[in-house]
**Student:** 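Structure provided below as structure tokens; questions to follow.
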There are 2 protein chains.
Amino acid sequence: MEETFGIAELAREFDVTTRTIRFYEDKGLISPARKGQRRIYHPRDRVRLKLIMRGKRLGFSLEEIHEMIDLYDVDPSEVAQLRHFLQKIRERKNALSQQQMDIAAILEELKTLETQCSKLLKEKSPS
Amino acid sequence: MEETFGIAELAREFDVTTRTIRFYEDKGLISPARKGQRRIYHPRDRVRLKLIMRGKRLGFSLEEIHEMIDLYDVDPSEVAQLRHFLQKIRERKNALSQQQMDIAAILEELKTLETQCSKLLKEKSPS
DNA sequence: TCACACCTTTACCTTTACGTAAAGGTAAAG
DNA sequence: CTTTACCTTTACGTAAAGGTAAAGGTGTGA
């Protein structure tokens, strides 16, 4: 028997409002089952939410996230789709590699700043 | 003699519109000199723009970027400011480390997907 | 039965990050 | 003098990502 979740439950888990989750549904990012008029979320919906949150932390738009998520649902029997898919993957990889470099650059600068800064502090207030 | 830049020049270099650059000025992210009514950008303004663009690639809001940029202009004689500064640096470092992990995770998944995908393609159309 | 927690839809509101149009100044080239 | 390129300000428009309020359905425990 598969575990399911309510909307409020997931909202708590991911620290967003229920409005946000419904908004993602509106945008086609998730499509939970219904029981009567209520939304029932299965584990795969939860996984999707997790992917969405990660995408957001990385600064992607919902539309970009939509594209990325759909990659996981491609029909592997369609060659054309597969090619397109592969191209998308490579684009994403490039974008992310660029981000990695950006982050590495900033972290380097921040480290330098941190060192300088705490040295200054030690001089000024030798606790 | 120091090199300076026009707004259109910088717009081209960073691949944004002049509107965007003026908007950043409005928000206090840069403050170029003036010659008459025209904006004159010095190398330090260009550096700021570069930092802004990097921040944007990383998904930070202009307000967050503002904070980060200001870190470079802190008065090193004010101990209180220095402490605050140090804390900000550490917050940033943590956020960025989290991002690094997110990216590494996604890149791993993408690599797997890419491999699977091109294997499938080779089977289906053995060019 | 009442209260209460949880859920639903509809619909208007807000912020961020610019786009775009209007109306015009300035300066060098033809 | 006119064209051309480049710049200015002011101001309204817009897309994205939700917030928030209104009005109500559903189920459960006291």
Side-chain angles (χ1 to χ4, degrees), chain A residues 3-43 45-46 48-70 92 95 99 102, chain B residues 3-43 45-46 48-70 92 95 99 102:
Chain A
E3 203 189 353
T4 63
F5 313 89
I7 190 169
E9 201 175 343
L10 289 182
R12 265 191 305 281
E13 175 173 354
F14 290 107
D15 198 29
V16 296
T17 66
T18 58
R19 169 69 173 100
T20 298
I21 296 183
R22 290 195 197 99
F23 183 75
Y24 294 161
E25 183 179 345
D26 257 35
K27 296 295 161 179
L29 292 171
I30 30 180
S31 31
R34 299 280 174 145
K35 182 182 170 187
Q37 96 174 334
R38 302 218 172 165
R39 292 166 175 83
I40 303 295
Y41 297 85
H42 291 271
D45 299 313
R46 226 190 103 202
R48 286 202 152 222
L49 267 177
K50 195 174 288 186
L51 291 173
I52 294 171
M53 297 310 156
R54 189 150 66 190
K56 287 191 45 183
R57 282 200 300 276
L58 294 173
F60 293 108
S61 74
L62 290 186
E63 203 178 320
E64 290 173 307
I65 292 173
H66 196 158
E67 266 196 21
M68 299 179 64
I69 285 186
D70 283 354
R92 275 295 147 224
Q99 281 204 26
D102 283 339
Chain B
E3 201 189 354
T4 62
F5 313 88
I7 192 171
E9 201 175 343
L10 288 183
R12 265 191 304 281
E13 175 173 355
F14 290 107
D15 196 31
V16 296
T17 65
T18 58
R19 170 69 171 103
T20 299
I21 296 182
R22 290 196 199 96
F23 182 75
Y24 294 160
E25 183 178 343
D26 256 35
K27 296 293 160 180
L29 292 171
I30 31 180
S31 30
R34 299 279 174 146
K35 183 183 168 186
Q37 96 173 334
R38 302 217 172 166
R39 291 164 175 84
I40 303 295
Y41 297 86
H42 290 270
D45 299 313
R46 227 191 102 202
R48 287 203 149 220
L49 268 176
K50 195 174 289 185
L51 292 174
I52 294 171
M53 297 309 155
R54 190 150 66 190
K56 286 191 47 184
R57 282 200 300 278
L58 293 174
F60 293 109
S61 74
L62 290 186
E63 203 178 321
E64 289 173 308
I65 292 173
H66 197 157
E67 265 196 21
M68 299 178 63
I69 285 186
D70 283 353
R92 278 291 150 225
Q99 280 205 27
D102 284 339

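Chain identifiers are assigned alphabetically (A, B, ...) following the order of the sequence lines, protein sequences preceding nucleic acid strands; residue numbering begins at 1 within each chain. Quick note: numbers below take in every heavy atom, side chains included, and nothing from hydrogens, waters or symmetry partners.
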**Student:** What is the separation between atom CG on Leu10(A) and atom P on dC6(C), rounded to the nearest whole Å?
**Tutor:** 14 Å

**Student:** For Asp45(A) and Pro32(A), work out which heavy atoms get closest and say how close.
**Tutor:** OD2-CA, 3.9 Å

**Student:** Can you tell me the distance, in whole Å, between the CG atom of Leu49(A) and the P atom of dA17(D)?
**Tutor:** 15 Å

**Student:** Give me the residues of residues 14-27 of chain B where at least one heavy atom lies under 4.0 Å from an atom of DNA chain D, by number, or none.
**Tutor:**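 Those residues are Arg19(B), Arg22(B).
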
**Student:** Rounded off to whole Å, could you give me the CG-to-P distance for the Leu62(B) and dA17(D) pair?
**Tutor:**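 Checked: the CG to P distance equals 15 Å.
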
**Student:** What is the distance from CD of Glu9(B) to C1' of dC6(D), rounded to the nearest Å?
**Tutor:**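 Glu9(B) atom CD is separated from dC6(D) atom C1' by 12 Å.
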
**Student:** Are there runs of at least three consecutive Watson-Crick or G-U pairs touching DNA chain C, with each pair's two distances under 3.5 angstrom? Give them by first number.
**Tutor:**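 Runs of three or more consecutive pairs: C:1-30 with D:1-30.
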
**Student:** Find the distance Glu64(B):CD to dA17(C):P and express it as a whole number of Å.
**Tutor:** 9 Å

**Student:** Dump every N/O contact between nucleotides 3-5 of chain C and the protein below 3.5 Å, one line per pair.
**Tutor:**
none

**Student:** Identify, with sequence neighbours excluded, every residue that meets salt bridge (Lys or Arg N to Asp or Glu O under 4.0 Å) alongside Asp102(B).
**Tutor:**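 Expected list: Arg57(A).
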
**Student:** Whether the side chain of Arg46(A) engages the backbone of Leu10(A) through a donor-acceptor N/O pair (distance < 3.5 Å, no angle test) should be reported.
**Tutor:** no

**Student:** Of all heavy-atom pairs between Leu29(A) and Ile65(A), which one has the smallest distance, and what is that distance?
**Tutor:** CD2-C, 4.4 Å

**Student:** Using the closest heavy atom to pick a nucleotide of DNA chain C for each, name whichever of Ile7(A) or Gln37(B) lands nearer the 5' end.
**Tutor:**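 It is Ile7(A), whose closest nucleotide lies nearer the 5' terminus.
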
**Student:** Would you kindly give the CD1-to-C1' distance between Ile40(B) and dC7(D), to the nearest whole Å?
**Tutor:** 10 Å

**Student:** If the cut-off is 4.0 Å, is Lys56(A) near the phosphate of dA16(D), judged by side-chain N/O to OP1 or OP2?
**Tutor:** no

**Student:** For Asp15(B), I'd like to know if atom CG has over 12 heavy atoms of other residues, nucleotides or ligands within 6.0 Å.
**Tutor:** no

**Student:** Counting C-beta onward and ignoring hydrogens, is there a side-chain heavy-atom pair between Ile69(B) and Ile30(B) closer than 4.5 Å?
**Tutor:** no

**Student:** For Arg22(B), check salt bridge (Lys or Arg N to Asp or Glu O under 4.0 Å) against everything at least two apart and list the hits.
**Tutor:** none

**Student:** Tell me: CG of Leu29(B) to C1' of dT16(C), nearest whole Å?
**Tutor:**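 In whole Å, dT16(C) C1' and Leu29(B) CG are 13 Å from each other.
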
**Student:** Distance check needed: dA17(D) P versus His66(A) NE2, whole Å only.
**Tutor:**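 After rounding, the gap between these two atoms is 12 Å.
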
**Student:** Which part of the nucleic acid, if any, lies within contact of Lys35(A), taking any heavy atom under 4.0 Å across all strands shown: a base, the sugar-phosphate backbone alone, or nothing?
**Tutor:**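 No contact.
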
**Student:** Which residue is it: His66(A), Arg92(A), Glu67(A)? I am looking for the one with a side-chain contact (heavy atoms from CB on, under 4.5 Å) to Phe60(A).
**Tutor:** Arg92(A)

**Student:** Does atom CD of Glu13(A) have more than 12 heavy-atom neighbours from other groups under 6.0 Å away?
**Tutor:** yes

**Student:** What heavy-atom pair brings Phe5(B) and Glu9(B) nearest, and what distance separates the two atoms?
**Tutor:**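 In this case the closest contact between Phe5(B) and Glu9(B) is CA-OE1, 3.5 Å.
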
**Student:** Salt bridge (Lys or Arg N to Asp or Glu O under 4.0 Å) with Arg19(A): which residues, sequence neighbours excluded?
**Tutor:** none

